[in-house]
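Notes follow once the structure below has been shown.
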Number of protein chains: 2
Amino acid sequence: MESFATNTLRTHELRHTGCREDILTLFYTHKTALAHGDLETVLRDRYDRVTIYRTLKTFADKGIIHKVLDEDGLRYALCKDTCHDHDHHHDHVHFKCAACGQTTCLDEVRIPMIQLPSGYQKRETNLLIQGTCPKCSQ
Amino acid sequence: MESFATNTLRTHELRHTGCREDILTLFYTHKTALAHGDLETVLRDRYDRVTIYRTLKTFADKGIIHKVLDEDGLRYALCKDTCHDHDHHHDHVHFKCAACGQTTCLDEVRIPMIQLPSGYQKRETNLLIQGTCPKCSQ
DNA sequence: GTTTATGCAAATTCTTTGCAATACT
DNA sequence: AGTATTGCAAAGAATTTGCATAAAC
(Lines give C-alpha, C1' and ligand atoms only; values in the text may rest on other atoms or scores of the structure.)
Protein backbone atom coordinates (compact mmCIF):
# COMPACT_ATOMS: atom_id res chain seq x y z
CA MET A 1 0.00 0.00 0.00
CA GLU A 2 1.43 3.30 -1.13
CA SER A 3 1.56 6.22 1.24
CA PHE A 4 -0.76 9.17 0.93
CA ALA A 5 2.20 11.45 0.31
CA THR A 6 3.75 9.36 -2.43
CA ASN A 7 0.44 8.92 -4.13
CA THR A 8 -0.44 12.59 -3.96
CA LEU A 9 2.92 13.67 -5.31
CA ARG A 10 2.74 11.33 -8.26
CA THR A 11 -0.82 12.31 -9.05
CA HIS A 12 0.23 15.91 -9.32
CA GLU A 13 3.51 15.18 -11.10
CA LEU A 14 5.64 16.62 -8.36
CA ARG A 15 9.05 15.30 -7.42
CA HIS A 16 9.20 13.24 -4.30
CA THR A 17 11.31 15.04 -1.72
CA GLY A 18 11.63 14.75 2.01
CA CYS A 19 10.06 18.07 2.78
CA ARG A 20 7.07 17.46 0.56
CA GLU A 21 6.52 14.03 1.97
CA ASP A 22 6.73 15.20 5.56
CA ILE A 23 4.41 18.13 5.05
CA LEU A 24 1.83 16.03 3.25
CA THR A 25 1.97 13.46 5.98
CA LEU A 26 1.49 16.13 8.62
CA PHE A 27 -1.59 17.43 6.85
CA TYR A 28 -2.87 13.91 6.48
CA THR A 29 -2.48 12.97 10.12
CA HIS A 30 -3.54 16.23 11.71
CA LYS A 31 -7.05 16.72 10.54
CA THR A 32 -6.92 20.42 11.26
CA ALA A 33 -5.66 23.37 9.27
CA LEU A 34 -1.99 24.17 9.73
CA ALA A 35 -0.13 27.45 9.54
CA HIS A 36 3.37 27.89 8.22
CA GLY A 37 4.44 28.42 11.81
CA ASP A 38 2.97 25.10 12.91
CA LEU A 39 4.97 23.28 10.29
CA GLU A 40 8.08 25.25 11.06
CA THR A 41 7.88 24.28 14.70
CA VAL A 42 7.91 20.62 13.81
CA LEU A 43 10.26 20.70 10.85
CA ARG A 44 12.67 23.48 11.66
CA ASP A 45 15.69 21.28 12.18
CA ARG A 46 15.02 19.24 9.09
CA TYR A 47 14.15 21.91 6.52
CA ASP A 48 14.66 25.58 5.98
CA ARG A 49 11.83 27.97 6.66
CA VAL A 50 11.96 29.13 3.07
CA THR A 51 11.54 25.61 1.77
CA ILE A 52 8.39 25.27 3.83
CA TYR A 53 7.03 28.48 2.33
CA ARG A 54 7.78 27.25 -1.16
CA THR A 55 6.31 23.84 -0.53
CA LEU A 56 3.07 25.34 0.72
CA LYS A 57 2.89 27.56 -2.32
CA THR A 58 3.49 24.66 -4.66
CA PHE A 59 0.81 22.57 -3.02
CA ALA A 60 -1.67 25.44 -3.06
CA ASP A 61 -0.99 26.10 -6.75
CA LYS A 62 -1.57 22.45 -7.55
CA GLY A 63 -4.80 22.33 -5.58
CA ILE A 64 -3.49 19.88 -3.02
CA ILE A 65 -4.14 22.27 -0.18
CA HIS A 66 -6.18 25.43 0.11
CA LYS A 67 -5.99 28.54 2.19
CA VAL A 68 -8.07 28.92 5.31
CA LEU A 69 -8.34 32.41 6.71
CA ASP A 70 -9.47 33.62 10.04
CA GLU A 71 -8.63 36.46 12.35
CA ASP A 72 -5.51 34.72 13.50
CA GLY A 73 -4.11 34.64 10.01
CA LEU A 74 -3.45 32.20 7.25
CA ARG A 75 -3.61 28.45 7.49
CA TYR A 76 -3.79 25.65 4.98
CA ALA A 77 -5.82 22.48 4.84
CA LEU A 78 -5.92 19.49 2.53
CA CYS A 79 -8.33 19.59 -0.33
CA LYS A 80 -10.52 16.57 -0.69
CA ASP A 81 -10.19 14.16 -3.59
CA THR A 82 -12.90 15.95 -5.48
CA CYS A 83 -10.65 18.92 -5.68
CA HIS A 84 -8.18 18.65 -8.56
CA ASP A 85 -6.43 21.22 -10.67
CA HIS A 86 -9.29 21.66 -13.05
CA ASP A 87 -12.10 20.03 -11.19
CA HIS A 88 -12.36 22.03 -8.04
CA HIS A 89 -15.30 21.93 -5.79
CA HIS A 90 -15.97 25.43 -4.85
CA ASP A 91 -17.42 25.36 -1.40
CA HIS A 92 -15.40 25.28 1.75
CA VAL A 93 -16.81 25.18 5.23
CA HIS A 94 -14.44 25.65 8.12
CA PHE A 95 -15.03 25.63 11.80
CA LYS A 96 -12.80 27.58 14.12
CA CYS A 97 -12.97 26.77 17.80
CA ALA A 98 -12.63 29.81 20.00
CA ALA A 99 -11.47 27.65 22.91
CA CYS A 100 -8.72 25.46 21.47
CA GLY A 101 -8.03 27.64 18.44
CA GLN A 102 -8.13 24.77 15.99
CA THR A 103 -9.70 25.04 12.61
CA THR A 104 -11.24 22.03 10.93
CA CYS A 105 -12.81 21.50 7.55
CA LEU A 106 -16.42 20.42 7.75
CA ASP A 107 -16.58 18.57 4.49
CA GLU A 108 -19.90 17.02 5.20
CA VAL A 109 -21.60 20.39 5.58
CA ARG A 110 -22.91 21.87 2.37
CA ILE A 111 -23.60 25.54 1.97
CA PRO A 112 -27.26 26.06 1.08
CA MET A 113 -28.16 27.94 -2.06
CA ILE A 114 -27.91 31.61 -1.46
CA GLN A 115 -29.82 34.20 -3.37
CA LEU A 116 -27.49 36.99 -4.39
CA PRO A 117 -28.59 40.47 -5.43
CA SER A 118 -28.90 40.74 -9.19
CA GLY A 119 -25.70 41.06 -11.16
CA TYR A 120 -23.54 39.13 -8.75
CA GLN A 121 -22.10 35.92 -10.17
CA LYS A 122 -20.91 33.35 -7.72
CA ARG A 123 -17.85 31.27 -8.42
CA GLU A 124 -16.76 30.06 -5.04
CA THR A 125 -18.00 30.29 -1.49
CA ASN A 126 -16.15 30.10 1.73
CA LEU A 127 -17.87 29.81 5.04
CA LEU A 128 -16.09 30.26 8.32
CA ILE A 129 -18.07 29.34 11.38
CA GLN A 130 -16.67 30.28 14.75
CA GLY A 131 -17.78 28.80 18.00
CA THR A 132 -16.95 25.84 20.19
CA CYS A 133 -15.95 22.43 18.89
CA PRO A 134 -17.22 19.12 20.29
CA LYS A 135 -14.12 18.52 22.38
CA CYS A 136 -14.26 21.93 24.01
CA SER A 137 -18.01 22.25 24.45
CA GLN A 138 -18.47 19.71 27.20
CA MET B 1 -26.47 68.14 9.55
CA GLU B 2 -23.62 66.50 11.36
CA SER B 3 -21.12 64.43 9.46
CA PHE B 4 -21.02 60.67 9.65
CA ALA B 5 -17.55 60.80 11.13
CA THR B 6 -18.40 63.28 13.86
CA ASN B 7 -21.52 61.42 14.75
CA THR B 8 -19.81 58.05 14.87
CA LEU B 9 -16.97 59.32 17.02
CA ARG B 10 -19.31 60.88 19.54
CA THR B 11 -21.50 57.80 19.69
CA HIS B 12 -18.50 55.73 20.63
CA GLU B 13 -16.97 58.31 22.93
CA LEU B 14 -13.84 58.74 20.90
CA ARG B 15 -11.96 61.97 20.54
CA HIS B 16 -12.38 63.78 17.30
CA THR B 17 -9.08 63.87 15.45
CA GLY B 18 -8.12 64.44 11.87
CA CYS B 19 -7.00 60.92 11.20
CA ARG B 20 -10.10 59.38 12.65
CA GLU B 21 -12.36 61.71 10.74
CA ASP B 22 -10.58 61.09 7.45
CA ILE B 23 -10.57 57.33 7.84
CA LEU B 24 -14.22 57.19 8.79
CA THR B 25 -15.09 59.36 5.84
CA LEU B 26 -13.12 57.13 3.52
CA PHE B 27 -14.98 54.07 4.75
CA TYR B 28 -18.25 55.92 4.40
CA THR B 29 -17.68 57.05 0.85
CA HIS B 30 -16.03 53.95 -0.50
CA LYS B 31 -18.59 51.29 0.01
CA THR B 32 -15.97 48.58 -0.21
CA ALA B 33 -13.64 47.03 2.31
CA LEU B 34 -10.32 48.80 2.73
CA ALA B 35 -6.91 47.48 3.68
CA HIS B 36 -4.37 49.34 5.73
CA GLY B 37 -2.40 49.79 2.55
CA ASP B 38 -5.32 51.42 0.77
CA LEU B 39 -5.63 53.98 3.51
CA GLU B 40 -1.91 54.52 3.65
CA THR B 41 -1.79 55.27 -0.05
CA VAL B 42 -4.31 58.05 0.37
CA LEU B 43 -3.25 59.39 3.74
CA ARG B 44 0.49 58.84 3.78
CA ASP B 45 1.46 62.48 3.67
CA ARG B 46 -1.08 63.48 6.26
CA TYR B 47 -0.64 60.80 8.90
CA ASP B 48 1.92 58.31 10.00
CA ARG B 49 1.51 54.68 9.04
CA VAL B 50 1.48 53.73 12.70
CA THR B 51 -1.37 56.08 13.43
CA ILE B 52 -3.41 54.40 10.73
CA TYR B 53 -2.74 51.01 12.30
CA ARG B 54 -3.80 52.28 15.67
CA THR B 55 -6.88 53.97 14.35
CA LEU B 56 -8.03 50.78 12.65
CA LYS B 57 -7.47 48.84 15.84
CA THR B 58 -9.43 51.37 17.87
CA PHE B 59 -12.33 51.28 15.44
CA ALA B 60 -12.34 47.49 15.33
CA ASP B 61 -12.31 47.27 19.14
CA LYS B 62 -15.24 49.65 19.33
CA GLY B 63 -17.20 47.72 16.75
CA ILE B 64 -17.19 50.56 14.24
CA ILE B 65 -15.47 48.43 11.64
CA HIS B 66 -14.87 44.70 11.33
CA LYS B 67 -12.28 42.54 9.72
CA VAL B 68 -12.82 41.09 6.29
CA LEU B 69 -10.53 38.29 5.26
CA ASP B 70 -9.82 36.87 1.87
CA GLU B 71 -6.88 35.34 0.10
CA ASP B 72 -5.35 38.72 -0.45
CA GLY B 73 -5.20 39.43 3.23
CA LEU B 74 -6.89 41.62 5.77
CA ARG B 75 -9.33 44.39 5.06
CA TYR B 76 -11.84 46.31 7.11
CA ALA B 77 -15.37 47.40 6.46
CA LEU B 78 -17.89 49.51 8.31
CA CYS B 79 -20.26 47.72 10.61
CA LYS B 80 -23.89 48.55 10.19
CA ASP B 81 -25.87 50.37 12.84
CA THR B 82 -27.08 47.11 14.27
CA CYS B 83 -23.56 46.32 15.27
CA HIS B 84 -22.61 47.99 18.56
CA ASP B 85 -20.13 47.11 21.24
CA HIS B 86 -22.42 44.71 23.01
CA ASP B 87 -25.08 44.16 20.44
CA HIS B 88 -23.23 42.65 17.56
CA HIS B 89 -24.89 40.84 14.77
CA HIS B 90 -22.85 37.82 14.11
CA ASP B 91 -23.25 37.14 10.46
CA HIS B 92 -21.21 38.75 7.78
CA VAL B 93 -21.54 38.16 4.09
CA HIS B 94 -18.87 39.56 1.81
CA PHE B 95 -18.49 39.46 -1.91
CA LYS B 96 -15.08 39.57 -3.49
CA CYS B 97 -14.90 40.34 -7.18
CA ALA B 98 -12.20 38.40 -8.99
CA ALA B 99 -12.09 40.99 -11.75
CA CYS B 100 -11.78 44.33 -9.96
CA GLY B 101 -10.57 42.88 -6.68
CA GLN B 102 -13.01 44.84 -4.59
CA THR B 103 -14.76 43.40 -1.61
CA THR B 104 -18.20 44.59 -0.59
CA CYS B 105 -20.46 43.73 2.31
CA LEU B 106 -23.75 42.22 1.25
CA ASP B 107 -25.78 43.30 4.23
CA GLU B 108 -29.06 42.35 2.69
CA VAL B 109 -28.04 38.73 2.29
CA ARG B 110 -28.68 36.52 5.28
CA ILE B 111 -26.90 33.28 5.85
CA PRO B 112 -29.41 30.42 5.93
CA MET B 113 -29.60 28.14 8.93
CA ILE B 114 -26.90 25.56 8.69
CA GLN B 115 -27.06 22.19 10.35
CA LEU B 116 -23.76 21.48 12.04
CA PRO B 117 -22.54 18.03 13.07
CA SER B 118 -23.41 17.28 16.67
CA GLY B 119 -21.29 18.93 19.30
CA TYR B 120 -20.43 22.03 17.32
CA GLN B 121 -21.75 25.25 18.77
CA LYS B 122 -22.01 28.21 16.48
CA ARG B 123 -21.26 31.68 17.69
CA GLU B 124 -20.51 33.62 14.54
CA THR B 125 -20.51 32.96 10.83
CA ASN B 126 -18.62 34.57 8.07
CA LEU B 127 -19.37 33.95 4.46
CA LEU B 128 -17.07 35.01 1.67
CA ILE B 129 -18.43 34.65 -1.81
CA GLN B 130 -16.05 35.09 -4.70
CA GLY B 131 -17.09 35.73 -8.25
CA THR B 132 -17.89 38.67 -10.45
CA CYS B 133 -19.62 41.82 -9.28
CA PRO B 134 -22.37 43.61 -11.22
CA LYS B 135 -20.01 46.22 -12.63
CA CYS B 136 -17.57 43.65 -13.94
CA SER B 137 -20.02 41.01 -15.16
CA GLN B 138 -21.36 42.83 -18.18
C1' DG C 1 22.69 14.86 -17.97
C1' DT C 2 19.02 17.89 -17.36
C1' DT C 3 15.76 19.80 -14.63
C1' DT C 4 13.84 21.00 -10.29
C1' DA C 5 14.18 21.69 -5.26
C1' DT C 6 16.80 23.15 -1.36
C1' DG C 7 19.61 26.05 1.85
C1' DC C 8 21.54 30.19 3.01
C1' DA C 9 21.88 35.12 3.00
C1' DA C 10 19.70 39.12 2.48
C1' DA C 11 16.11 42.14 1.08
C1' DT C 12 11.18 43.56 1.56
C1' DT C 13 7.04 44.08 3.62
C1' DC C 14 3.95 44.04 7.50
C1' DT C 15 2.95 45.05 12.25
C1' DT C 16 3.96 46.33 16.96
C1' DT C 17 6.13 48.95 20.88
C1' DG C 18 8.20 52.85 23.66
C1' DC C 19 8.40 57.36 24.50
C1' DA C 20 8.33 62.34 24.05
C1' DA C 21 5.60 65.96 21.89
C1' DT C 22 1.12 67.46 20.61
C1' DA C 23 -3.83 67.91 20.38
C1' DC C 24 -8.39 67.15 22.40
C1' DT C 25 -11.97 67.97 25.84
C1' DA D 1 -5.02 70.84 33.49
C1' DG D 2 -5.47 66.26 32.59
C1' DT D 3 -5.81 62.58 29.44
C1' DA D 4 -5.64 60.45 25.03
C1' DT D 5 -3.55 60.56 20.43
C1' DT D 6 0.14 61.23 17.33
C1' DG D 7 4.82 60.95 15.16
C1' DC D 8 9.15 59.12 15.03
C1' DA D 9 12.52 55.65 15.70
C1' DA D 10 13.30 51.21 16.17
C1' DA D 11 12.29 46.44 17.06
C1' DG D 12 10.18 42.26 15.71
C1' DA D 13 7.48 39.19 12.47
C1' DA D 14 6.26 37.45 8.23
C1' DT D 15 7.29 36.69 3.53
C1' DT D 16 9.96 36.95 -0.79
C1' DT D 17 14.06 36.81 -3.91
C1' DG D 18 18.69 35.48 -5.89
C1' DC D 19 21.93 32.31 -6.46
C1' DA D 20 25.02 28.38 -5.79
C1' DT D 21 24.67 23.55 -4.28
C1' DA D 22 22.38 19.28 -4.06
C1' DA D 23 18.88 16.01 -5.14
C1' DA D 24 15.39 13.89 -8.23
C1' DC D 25 14.19 11.85 -12.53
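Only heavy atoms go into these numbers, but all of them, side chains included; no hydrogens, no water, no symmetry mates. In what follows, chains carry the letters A, B, and so on, assigned in the order in which the sequence lines appear, proteins first and then strands, with residues in each chain numbered from 1.
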> Which nucleotide in the set C:dT16, D:dT16, D:dT6 lies at the smallest distance from any side-chain heavy atom of A:V50?
Replying inline: D:dT16
[X] side-chain N/O to [Y] backbone N/O, donor-acceptor pair under 3.5 Å:
X: B:R20; Y: B:R15; result: yes
X: A:S137; Y: B:G119; result: yes
X: A:Y76; Y: A:F27; result: no

Give every pair of a protein N or O atom and an N or O atom of nucleotides 20-24 of chain C that lie under 3.5 Å apart, one pair per line with the distance.
unit_1: C:dC24; atom_1: O2; unit_2: B:R15; atom_2: NH1; d: 3.0

Length of the [atom1]-[atom2] vector between [X] and [N], whole Å:
X: B:L39; N: C:dC14; atom1: CG; atom2: P; value: 13 Å
X: A:D61; N: C:dA5; atom1: CG; atom2: P; value: 11 Å
X: A:E21; N: C:dA5; atom1: CD; atom2: C1'; value: 15 Å
X: A:D48; N: D:dC19; atom1: CG; atom2: P; value: 18 Å
X: B:F59; N: D:dT5; atom1: CZ; atom2: C1'; value: 12 Å
X: A:D22; N: C:dA5; atom1: CG; atom2: P; value: 16 Å
X: A:K57; N: D:dA14; atom1: NZ; atom2: C1'; value: 16 Å
X: B:H36; N: D:dA14; atom1: NE2; atom2: P; value: 17 Å

> Below 4.5 Å, heavy atoms only, C-beta onward: do A:Y47 and A:L39 meet side chain to side chain?
Replying inline: no
> Of B:L14 and B:E40, whose closest DNA chain C nucleotide lies nearer the 5' terminus?
Replying inline: B:E40
>> Over all strands shown, is B:R10 touching base, sugar-phosphate only, or nothing at heavy-atom distances under 4.0 angstrom?
In response: nothing
>> Does this structure show an ion pair linking B:K96 with B:E71, if we count only N-O contacts that are shorter than 4.0 Å?
In response: no
> Got a sec, which residues hit salt bridge (Lys or Arg N to Asp or Glu O under 4.0 Å) with A:K57, two or more places apart in sequence or on another chain?
Replying inline: A:D61
> NZ of B:K135: more than 12 outside heavy atoms within 6.0 angstrom?
Replying inline: no
>> Distance criterion of 3.5 Å, no angle test: do you see the side chain of A:R54 paired donor-to-acceptor with the base of C:dG7?
In response: yes
>> Any side-chain N or O of B:R20 below 4.0 angstrom from OP1/OP2 of D:dT5?
In response: yes
>> OP1 or OP2 of C:dT16 versus the side-chain N and O atoms of B:Y53: is any pair under 4.0 Å?
In response: no
